[in-house]
Amino acid sequence: MFQKSGYCKQTRAVFHSLLLILGMQSTAWADTVTRGPYLQTGSDQQVTIHWRTDVDSSSRVYFGTSPSSLDHTAESPQSGTEHVVKLDGLSPFTRYYYKVQAGSTRIGDTSNTFVTAPQSGKHSASQGMGTG
């Protein structure tokens with residue numbers, strides 16, 4: 001009789017190793033986000049979103065001006081554990097909602113939001129880029 005837990009661990013390790021050898025990415029087990037997501041380098045028309053995962057995986061961000069309609073996507077051409085995705089073509093002084101995806105894991109809810117900076121030359125004391 002074999003031990004079920006040891007057998008499962010070995011099977012998973014062998015399967016994952018074969019996928020790596022073949023140059024494929026395992027999506028059978030969800031990636032774990034270990035840091036973030038967080039915002040960096042924002043302006044009136046773009047923002048960069050960062051996050052980290054425990055294993056190499058692809059990077060994609062779903063975003064839009066309504067939490068129920070994330071109808072735009074941006075992604076990084078590289079996979080890795082450090083994820084950096086730049087969102088371009090945004091409207092100035094506009095609230096956006098977003099979810100990040102690493103491999104098969106999608107993270108985010110209505111608290112994942114940001115406001116782009118006001119258009120250059122149109123500043124007021126109460127305007128600026130911020131997070132919700």
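Everything numeric here is computed off the predicted structure, so don't read it as measured data. If you read the sequence from its start, that first residue is 1, and numbering goes on from there.
- A donor and an acceptor atom, one from each side chain of H83 and T53, are located under 3.5 Å apart.
- Side-chain atoms of R106 and Y62, non-hydrogen and from C-beta on, do get closer than 4.5 Å to each other.
- You'll find the side chain of Y97 stays beyond 4.5 Å of the side chain of S69, heavy atoms only.
- To the nearest 0.5 Å, atom OG1 of residue T41 and atom NE2 of residue H50 are 5.5 Å apart.
- Taking 4.5 Å as the limit, every side-chain heavy atom of L70 sits out of range of all side-chain heavy atoms of Y96.
- For the pair I49/Y98, a side-chain contact is recorded, criterion being any heavy-atom separation below 4.5 Å from C-beta on.
- A continuous path of Ile, Leu, Val, Met, Phe, Trp and Tyr side chains, each step under 4.5 Å between heavy atoms, connects V100 with L90, placing both in one hydrophobic cluster.
- Nearest heavy atom pair, residue N112 against residue P37, reads ND2-CG, 3.6 Å.
- Using modelled atom types, one side-chain atom of T116 and one backbone atom of T94 make a donor-acceptor pair closer than 3.5 Å.
- At least one side-chain heavy atom of V84 sits under 4.5 Å from a side-chain heavy atom of T48.
- Residue T81 comes nearest to V55 through the heavy atom pair CG2-C, 3.5 Å, listed as atom of the first residue, atom of the second, then distance.
- Pairing each heavy atom of P92 with each of P118, the nearest pair is CB-C, 4.2 Å.
- Summarising the geometry, atom CZ belonging to R60 is positioned 4.0 Å from atom CD belonging to E75; distances are rounded to the nearest 0.5 Å.
- When atom types are taken as modelled, the side chain of Q78 and the backbone of G80 share no donor-acceptor pair closer than 3.5 angstrom.
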**Report entry** side chain to side chain donor-acceptor pair (under 3.5 Å) assessment of R95 paired with T113
**Finding:** CA-CA 7 Å; R95 178 169 301 278; T113 182; 3.0 Å; yes

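- When side chains are defined from C-beta on, V47 does not count as touching F63, because their heavy atoms never get closer than 4.5 Å.
- Atom OG of residue S91 and atom CD of residue Q45 lie 8.0 Å apart, to the nearest 0.5 angstrom.
- The side-chain heavy atoms of R35 and V33, taken from C-beta on, include no pair separated by under 4.5 Å.
- Between the side chains of S57 and S79, no donor-acceptor pair is found at a separation under 3.5 Å.
- Of all heavy-atom pairs between V85 and S59, the closest is CG2-CB, 3.8 Å.
- The shortest side-chain heavy-atom distance between V61 and L87 falls under the 4.5 Å cut-off.
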